[in-house]
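This one's a predicted model, so the numbers in the text were calculated from it and none came from an experiment.
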Amino acid sequence: MAFASLHRVLALREEQVEQLEREAEDITEKQDKLIGVYYENVISKELFEREQQRLCILLTQVERKLAVAIIVRTSATQRIQESLELLQDVQATYEAATSRNQETTQSGDIRKNLAWLR
């Protein structure tokens, strides 16, 4: 159950990172189009500068959100990896204990057999 929850968190974080990457790409494309429109003398220098400043601020905000989303995604991934390692440790401990129990049982059987022979 905990793994399903972690998996959902990881999927949501991955989706958030992808969405923010798309937003950053869209803003960059808008900046490129704005430059093209300005070079074609379709808009004034003042309008170009205002819009370019707005897009730069927007891109900075998206990039900051993206950086946080990547950190959160990485944290979720690390939690999943740590949980898997703990499960592997539990499995190894169980197998070692089972092996020791079998050895104890077998050696106990030998003692019973030796006692019977006496």
Side-chain angles (χ1 to χ4, degrees):
M1 181 110 153
F3 284 110
S5 175
L6 287 174
H7 183 69
R8 281 192 302 275
V9 168
L10 185 58
L12 288 172
R13 298 302 180 223
E14 186 64 36
E15 184 179 319
Q16 184 181 24
V17 167
E18 290 172 2
Q19 178 186 356
L20 290 167
E21 287 173 339
R22 284 190 303 273
E23 285 182 39
E25 289 174 14
D26 290 345
I27 294 168
T28 302
E29 287 175 12
K30 288 178 183 178
Q31 287 177 321
D32 292 342
K33 288 178 184 178
L34 182 65
I35 292 170
V37 170
Y38 175 69
Y39 284 151
E40 293 173 4
N41 291 320
V42 176
I43 60 172
S44 68
K45 181 178 180 182
E46 294 80 22
L47 180 58
F48 168 77
E49 289 173 349
R50 268 197 323 263
E51 189 63 17
Q52 184 67 359
Q53 182 180 17
R54 184 185 73 79
L55 290 173
C56 283
I57 290 169
L58 190 57
L59 182 59
T60 300
Q61 292 171 345
V62 169
E63 287 173 341
R64 286 181 183 158
K65 289 178 185 178
L66 179 59
V68 170
I70 290 171
I71 289 169
V72 171
R73 178 191 63 185
T74 301
S75 174
T77 302
Q78 288 173 339
R79 285 188 302 195
I80 289 173
Q81 289 173 339
E82 290 168 359
S83 298
L84 289 173
E85 288 170 6
L86 286 173
L87 276 179
Q88 289 173 346
D89 288 346
V90 168
Q91 179 67 28
T93 302
Y94 172 78
E95 289 172 358
T98 301
S99 176
R100 281 194 301 273
N101 287 344
Q102 289 173 353
E103 290 171 7
T104 303
T105 302
Q106 290 171 355
S107 63
D109 290 342
I110 291 172
R111 286 187 199 130
K112 287 179 188 177
N113 290 337
L114 289 176
W116 180 76
L117 289 175
R118 291 186 194 159

>> Considering only residues two or more places apart or on different chains, which pairs with a residue in residues 50-68 satisfy side-chain hydrogen bond (donor to acceptor under 3.5 Å, both in side chains)?
In response: Glu51-Arg54

>> Is it true that, when you exclude Glu18 itself, more than 12 heavy atoms of the residues, nucleotides or ligands shown sit nearer than 6.0 Å to its CD?
In response: yes

>> Side-chain heavy atoms under 4.5 Å apart, restricted to Ile/Leu/Val/Met/Phe/Trp/Tyr: what other residues fall into the cluster of Leu55, or is it alone?
In response: Val17, Leu20, Ile27, Leu34, Ile35, Val37, Tyr38, Tyr39, Val42, Ile43, Leu47, Phe48, Leu58, Leu59, Val62, Leu66, Ile70

> When clusters are formed from ILVMFWY side-chain contacts under 4.5 Å, directly or step by step, what else is grouped with Val72?
Replying inline: Val68

>> Nearest 0.5 Å, please: how far is SG in Cys56 from CD in Gln31?
In response: 5.0 Å

